[in-house]
**Student:** 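Before I ask anything, let me first share the structure, which is written out below as structure tokens.
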Amino acid sequence: MDDHGPNIRAIRAGDGRELLVTWKGGAESPVDVGAHIARYALLAPLRQDDAAFRAVSVGEWGWCAHWSDEMEIGSDTLWRLALEQGSARLRRWREAHGMTQAEAASALGVSPRMWRYYEAGEHLLPKTVRLACAGFDAKANAA
């Protein structure tokens with residue numbers, strides 16, 4: 001087994017067609033797989049049946065999200081989607097607040113360098129940053 005790839009430690013279904021993936025290193029990523037499963041006829045049961053989608057499990061060696069021998073999504077695909085979606089989510093949040101990258105990084109207590117990595121999709125968006133965005137929004141809405 002190669003220890004350098006994106007292994008999945010745990011996985012569960014979230015809202016809609018979102019998977020909550022816990023990676024081998026402990027990072028957690030929400031990954032919307034709706035568009036991905038819409039592309040493949042073989043995955044049609046996952047689009048049409050909520051119970052079938054919720055039956056997701058970690059595949060052998062942590063290399064995939066597994067529903068059946070015919071229905072799997074590789075961990076490398078989930079990793080790529082997590083990077084892309086995290087990056088897009090962070091960029092939308094920053095732009096909605098009219099901030100530069102440096103201003104947004106400062107507002108959430110993240111270094112400007114890490115912010116650039118997150119927005120470029122070079123590093124997974126940590127749960128702490130997602131929660132900081134939610135906390136910032138909650139504080140702004142309460143004011």
Side-chain angles (χ1 to χ4, degrees), residues 1-99 101 103-105 107-143:
M1 178 172 96
D2 180 8
D3 288 335
H4 301 294
N7 278 55
I8 299 168
R9 179 170 42 181
I11 195 165
R12 63 184 171 86
D15 295 333
R17 291 300 177 256
E18 181 179 77
L19 295 173
L20 301 170
V21 181
T22 303
W23 302 100
K24 183 174 89 176
E28 182 181 283
S29 301
V31 182
D32 184 342
V33 295
H36 182 79
I37 64 176
R39 273 185 245 147
Y40 301 99
L42 188 62
L43 300 176
L46 302 179
R47 291 192 300 271
Q48 301 162 355
D49 185 348
D50 290 340
F53 184 78
R54 285 192 307 274
V56 66
S57 63
V58 177
E60 189 173 316
W61 300 105
W63 289 110
C64 66
H66 177 86
W67 288 273
S68 72
D69 288 342
E70 293 82 30
M71 293 189 295
E72 297 180 330
I73 299 175
S75 61
D76 56 340
T77 298
L78 293 172
W79 183 267
R80 178 184 53 80
L81 291 172
L83 288 171
E84 291 171 0
Q85 292 172 12
S87 169
R89 181 178 296 126
L90 194 62
R91 188 175 303 107
R92 280 192 309 270
W93 181 88
R94 177 181 60 79
E95 290 172 350
H97 289 283
M99 295 182 190
Q101 287 183 338
E103 291 167 339
L108 299 185
V110 175
S111 76
R113 177 200 256 175
M114 287 310 298
W115 191 278
R116 287 190 300 273
Y117 286 147
Y118 298 145
E119 262 200 43
E122 294 179 26
H123 289 279
L124 287 176
L125 184 60
K127 186 176 189 174
T128 55
V129 175
R130 292 193 315 270
L131 290 172
C133 290
F136 186 94
D137 290 344
K139 185 177 178 183
N141 290 336

**Student:** Quick one, D50 with R17, criterion side chain to side chain contact (heavy atoms under 4.5 Å, CB included). Give me CA distance, side-chain angles, the key distance, then yes/no.
**Tutor:** CA-CA 9 Å; D50 290 340; R17 291 300 177 256; 2.7 Å; yes
**Student:** In Å, rounded to the nearest 0.5 Å, how long is the span from CG of L124 to OH of Y117?
**Tutor:** 14.5 Å
**Student:** Give the minimum heavy-atom separation between A65 and L19, together with the two atoms involved.
**Tutor:** CB-CD1, 4.2 Å
**Student:** What pair of heavy atoms forms the shortest contact from A132 to L108, and how long is it?
**Tutor:** O-CD2, 3.6 Å
**Student:** Any heavy-atom pair between the side chains of W63 and I8 that's under 4.5 Å?
**Tutor:** no
**Student:** Any heavy-atom pair between the side chains of E72 and V56 that's under 4.5 Å?
**Tutor:** no
**Student:** Can a donor-acceptor pair be found, under 3.5 Å and without considering hydrogens, that links the side chain of E119 to the backbone of Q101?
**Tutor:** no
**Student:** Any sub-3.5 Å donor-acceptor pair from R89's side-chain atoms to R130's backbone N or O?
**Tutor:** no
**Student:** Output yes when a side-chain donor or acceptor of N141 lies under 3.5 Å from a complementary backbone atom of D137, and no otherwise.
**Tutor:** yes
**Student:** How long is the span from the CG atom in D69 to the CD atom in E60, to the nearest 0.5 Å?
**Tutor:** 10.0 Å
**Student:** Would you say R9's side chain and T22's backbone share a donor-acceptor pair under 3.5 angstrom?
**Tutor:** no
**Student:** Measure across E70 and L42 and return the closest heavy-atom pair with its distance rounded to 0.1 Å.
**Tutor:** O-CD2, 3.1 Å
**Student:** So do T128 and V110 actually touch side chain to side chain, heavy atoms under 4.5 Å?
**Tutor:** no
**Student:** Rounded to the nearest 0.5 Å, what's the gap from NE2 on H97 to SG on C133? Could you check?
**Tutor:** 7.5 Å
**Student:** How are the rings of W23 and W79 set to each other: parallel, tilted or perpendicular (split at 30° and 60°)?
**Tutor:** perpendicular
**Student:** Answer yes or no: is there a side-chain heavy-atom contact under 4.5 Å between V129 and W93?
**Tutor:** no
**Student:** Once you round to the nearest 0.5 Å, how far does SG of C64 lie from CD1 of I11?
**Tutor:** 8.5 Å
**Student:** Could you report the tightest heavy-atom contact between E18 and P30, atom names first, then the distance?
**Tutor:** OE2-CB, 3.5 Å
**Student:** Within a strict 4.5 Å, meaning less than it, do heavy atoms of the L78 and V33 side chains meet?
**Tutor:** yes
**Student:** Could you grab the distance from atom NE2 of H66 to atom CE of M71, nearest 0.5 Å is fine?
**Tutor:** 9.0 Å
**Student:** Counting distance only, does the side-chain N/O of S29 pair as donor-acceptor with the main-chain N or O of V31 below 3.5 Å?
**Tutor:** no
**Student:** Is E84 close to L81 at the side-chain level, that is, under 4.5 Å between some pair of heavy atoms?
**Tutor:** yes
**Student:** Taking the side chain as everything from C-beta on, heavy atoms only, tell me whether N7 gets closer than 4.5 Å to S75.
**Tutor:** no
**Student:** Which heavy atom of V58 sits nearest a heavy atom of A10, and at what distance?
**Tutor:** CG2-CA, 3.7 Å
**Student:** Output the distance between atom CG (L90) and atom CH2 (W115), rounded to the nearest 0.5 Å.
**Tutor:** 4.0 Å
**Student:** Compare every heavy atom of Y118 with every heavy atom of P126, then report the nearest pair and how far apart it is.
**Tutor:** CG-OH, 3.3 Å
